[in-house]
Amino acid sequence: MTGCGMRRRPRGWVDMSLSLSPAVTFAIGDLLEGRPAVADAALQAWRNQALGWALEMGLPGASQEAWRLTPLKTLLTTPFRPAGRGDAVDQAPDLAVPELPLRLVFVNGVFDAAQSQVEPWPAGVTLTVGESLPPTAWDYLGKVASLEQDVFVALNQACTPGVVCLEVAAGRRIQQPIHLVFIGQSPSQPSFNFPRWLVILEDQAELTLVETYHSTGPAGCSAVGEVVLGAHARLNHTYLQQEGPQACHLAHTAVHQATGSHYDLLAITTGASFARHTPTLRQQGPETMTHLSGLVLLQGQQVADTHSFLGLSHPQGYSRQLHKAILGGSAQAIFSGRVRVAAQAQQTNAGQLNRTLLLSPQARVDSQPQLEIEADDVKCTHGATVSDLDPAEVFYLQSRGIDPAAGRTLLLTGFAGEILQHPSFPSLKARVQAALNDLSRPAAPPDATP
Amino acid sequence: MGVEPGDLILSVVDLTAEIEGTPILKGVNLTVRAGEVHAIMGPNGSGKSTFSKILAGHPDYTVTAGSVTYLGEDLLALEPEERSRTGVFLAFQYPLEIPGVTNSDFLRLAHNTHRKAQGLPELDALDFDEYVHDKLDVVKMDPGFLDRSVNEGFSGGEKKRNEILQMALLEPTLAILDETDSGLDIDALRIVAGGVNQLTHARNAIVMITHYQRLLNYITPQFVHVMEAGRIVRTGGQDLAEELEARGYDWLRDEATPAGVG
């Protein structure tokens with residue numbers, strides 16, 4: 001356990017960012033210039049507010065604290081263009097989840113009614129998609145995920161082709177989960193898309209929300225989701241990122257929680273060449289609960305960065321964060337988890353743990369748990385561990401007749417078990433298990449690329 | 001697997017082995033037949049635990065010469081999992097903890113790989129549950145242990161009971177018990193030894209590795225071997241174990257050195 005950051009890198013590792021200066025081809029100006037038009041005047045005005053911000057903030061770089069640990073090469077050297085509306089995709093059967101019949105599908109950020117399934121729509125939930133937003137949406141849109149926070153939030157605001165908004169009326173406990181499916185399509189040249197969603201739960205409302213990300217080709221995605229939880233509202237949220245191997249994916253999940261509300265996030269990353277997930281959560285009333293569970297499964301040369309912020313600023317707040325990563329090949333994971341307990345947040349109970357399993361000597365993790373406590377009467381713990389798959393454990397299983405591949409799968413499933421036991425959906429679990437099974441295959445020899 | 005009482009199960013001839021270039025076994029000879037219980041005793045560092053790990057196929061050790069024949073087959077040519085499936089079982093001195101994997105999932109996977117190897121259909125969770133509950137009684141184990149992570153938070157005695165439970169499920173032809181008595185209080189020792197005795201019959205064989213004679217009060221071997229500096233230097237009956245308990249190992253070392261056994 002350690003209070004400060006811990007880093008592990010393979011022997012002989014050289015900081016390539018110093019020795020190489022690859023041509024940066026990511027052009028914010030081009031993305032802004034080529035952004036798709038929208039008909040709604042209010043939306044257009046809101047998008048325009050972000051233009052200046054996006055240009056002024058410019059590209060992220062190692063000199064900025066929030067990006068210091070993030071290898072940006074793949075993202076910044078891909079010549080992305082704004083995504084078009086996306087061709088109609090054939091119904092890809094593996095994107096639909098049988099347990100999630102209510103499905104809203106977006107191709108390159110644009111709602112695809114033909115692929116979506118909104119019947120029977122549950123009473124108590126108002127869906128706005130592809131039309132003018134309701135007045136309540138304007139109370140929150142861009143205020144939970146502030147464009148000042150990050151250039152990719154600003155870019156999203158400036159470029160999004162539309163906002164999907166879900167409002168759950170006070171006291172309504174919605175049984176049917178709602179599935180947001182985001183598909184990035186980049187058939188010929190690398191193109192960037194900007195999905196945007198807003199979920200508002202009024203007081204004592206309850207909802208289960210699942211968002212999944214998929215893509216083909218060298219697709220770029222900067223998604224922003226905003227969540228507003230009223231008093232004693234409850235949201236069960238699953239984020240599953242399974243973009244294609246060439247994709248660059250960024251997602252912001254911003255949450256405001258009122259008194260006594262309960263927010264549960266299960267965030268799973270298995271896809272994309274470069275990925276960054278930024279959950280930003282603020283407890284805005286006392287006796288509020290936040291659960292964050294993260295699982296990152298990477299192989300090859302994948303990079304995934306998780307930058308979370310949890311702000312507790314009221315008495316008797318409760319939070320638990322467990323973030324796990326399993327890294328094969330020469331994959332790299334970054335975890336930066338900031339928990340801030342303000343002076344008035346007395347009797348806060350906050351826990352954070354980051355655990356990483358490295359399957360190969362080339363895999364690398366940078367872990368930075370950060371606990372900032374200003375209150376004095378609190379119970380806070382945090383820590384980080386990094387370990388290798390223990391050959392003694394594999395031998396123990398072999399000695400019981402279990403072959404090494406099955407043994408490794410069992411051990412990886414065990415490591416991920418605390419996360420996977422969350423009562424999500426069997427089909428989603430099976431997809432994650434498939435990624436785990438991939439990882440447990442014997443390690444390929446390290447890449448010979450210079 | 002068609003083993004008859006008195007059949008030759010294991011034949012170890014002039015076995016030498018090393019770890020990272022350091023010789024540990026320096027010419028071990030051992031013959032084990034169906035229906036027999038053997039004890040291998042010896043001081044710490046004599047190589048007896050290494051011997052048990054080599055029989056199970058531990059990857060850290062390299063066999064440099066000699067042969068191990070198990071039921072007429074070259075045991076050393078088999079992967080550890082293949083050895084297990086043909087009936088070799090090692091009860092670990094330090095059973096490993098596997099967090100996040102429930103004992104029942106682990107036991108079922110192990111049991112099913114053995115069933116598959118024998119051409120039997122695999123048991124589903126429900127059928128296995130019934131099957132394993134019958135076996136729990138062998139080591140008087142609380143069913144609650146099935147739902148816990150493998151060996152995680154188990155006491156020393158509970159871990160050893162879990163090893164013997166695995167033996168009960170896998171029904172080995174050759175069971176090697178590595179220091180199964182270490183870390184056990186007298187009650188746990190009785191239960192574990194009682195379990196082993198229930199699982200011993202005329203068509204299998206037990207090789208116990210132990211430092212102390214104590215275990216032999218509960219599991220009676222026909223053969224007691226003494227290992228010293230990587231060789232079996234003396235073989236006798238129960239009386240040899242009692243002599244060792246009374247006199248220690250030093251007198252054997254003094255006798256063995258000039259004799260040049262090998």
Side-chain angles (χ1 to χ4, degrees), chain A residues 1 266 268 293-297 322-326 353-357 359 383 385-422 426 429-430 432-433 436-437 439-443, chain B residues 52-61 78-103 105-118 122 147-152 159 162-163 165-167 169-172 175-176 178:
Chain A
M1 294 293 179
L266 171 63
I268 300 174
S293 303
L295 180 65
V296 170
L297 307 175
L322 177 62
H323 185 82
K324 288 191 165 189
I326 306 178
L353 179 63
N354 172 220
R355 292 190 63 200
T356 306
L357 187 61
L359 302 180
T385 67
V386 180
S387 57
D388 306 315
L389 197 59
D390 186 354
E393 288 179 7
V394 177
F395 173 67
Y396 185 58
L397 298 174
Q398 277 181 283
S399 78
R400 301 305 182 241
I402 300 164
D403 63 53
R408 277 193 290 269
T409 302
L410 191 69
L411 294 174
L412 298 195
T413 308
F415 181 83
E418 285 168 278
I419 306 283
L420 285 179
Q421 77 190 0
H422 281 259
K429 223 176 243 186
V432 179
Q433 185 67 51
L436 266 175
N437 295 352
L439 263 175
S440 59
R441 301 223 168 84
Chain B
S52 71
K53 286 179 188 153
I54 285 171
L55 291 180
H58 197 290
D60 286 356
Y61 301 91
L78 301 180
E79 294 296 326
E81 64 273 20
E82 296 169 327
R83 298 181 194 197
S84 168
R85 290 176 207 153
T86 59
V88 177
F89 178 84
L90 172 66
F92 279 52
Q93 180 178 4
Y94 303 110
L96 280 96
E97 298 185 5
I98 306 179
V101 176
T102 66
N103 211 16
D105 282 349
F106 161 63
L107 296 172
R108 183 159 69 94
L109 183 60
H111 182 64
N112 275 335
T113 59
H114 282 250
R115 287 181 65 91
K116 223 164 120 186
Q118 291 161 32
E122 296 183 26
D147 301 326
R148 290 170 55 177
S149 288
V150 179
N151 292 328
E152 196 182 35
K159 284 181 182 172
N162 205 27
E163 292 294 285
L165 174 63
Q166 292 165 47
M167 179 178 164
L169 284 168
L170 303 181
E171 298 176 339
I176 304 145
D178 186 9

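Keep in mind that the numbers below use all heavy atoms, side chains included, and drop hydrogens, waters and symmetry copies.
Of the listed residues A/S399, A/P391, A/G417, A/A416, the one with more heavy-atom pairs under 4.5 angstrom with chain B than any other is A/S399. Between chain A and the residues B/S149, B/A117, B/G57, the largest count of heavy-atom pairs under 4.5 Å involves B/G57. Interface summary for chain A: among B/D105, B/L96, B/V101, the most heavy-atom pairs under 4.5 angstrom belong to B/L96.
Side-chain atoms of B/S84 come within 3.5 Å of backbone atoms of A/G401 as a donor-acceptor pair (strictly under, hydrogens ignored).
Proximity to chain A (any heavy atom under 4.5 Å) is shown, for B/E82, by neither the backbone nor the side chain. At a 4.5 Å heavy-atom cutoff, the contact between B/H114 and chain A is made by side-chain atoms alone.
Rounding to the nearest 0.5 angstrom, the gap separating the CD1 atom in A/I326 from the CZ atom in A/R355 is 10.0 Å.
Checked against side-chain hydrogen bond (donor to acceptor under 3.5 Å, both in side chains), B/K53 has no partners two or more places apart in sequence or in another chain. Applying the salt bridge (Lys or Arg N to Asp or Glu O under 4.0 Å) criterion to A/R400, with sequence neighbours excluded, gives B/E163.
In plain terms, the two heavy atoms of B/V88 and B/L55 that are nearest each other are CG1-O, 4.2 Å.
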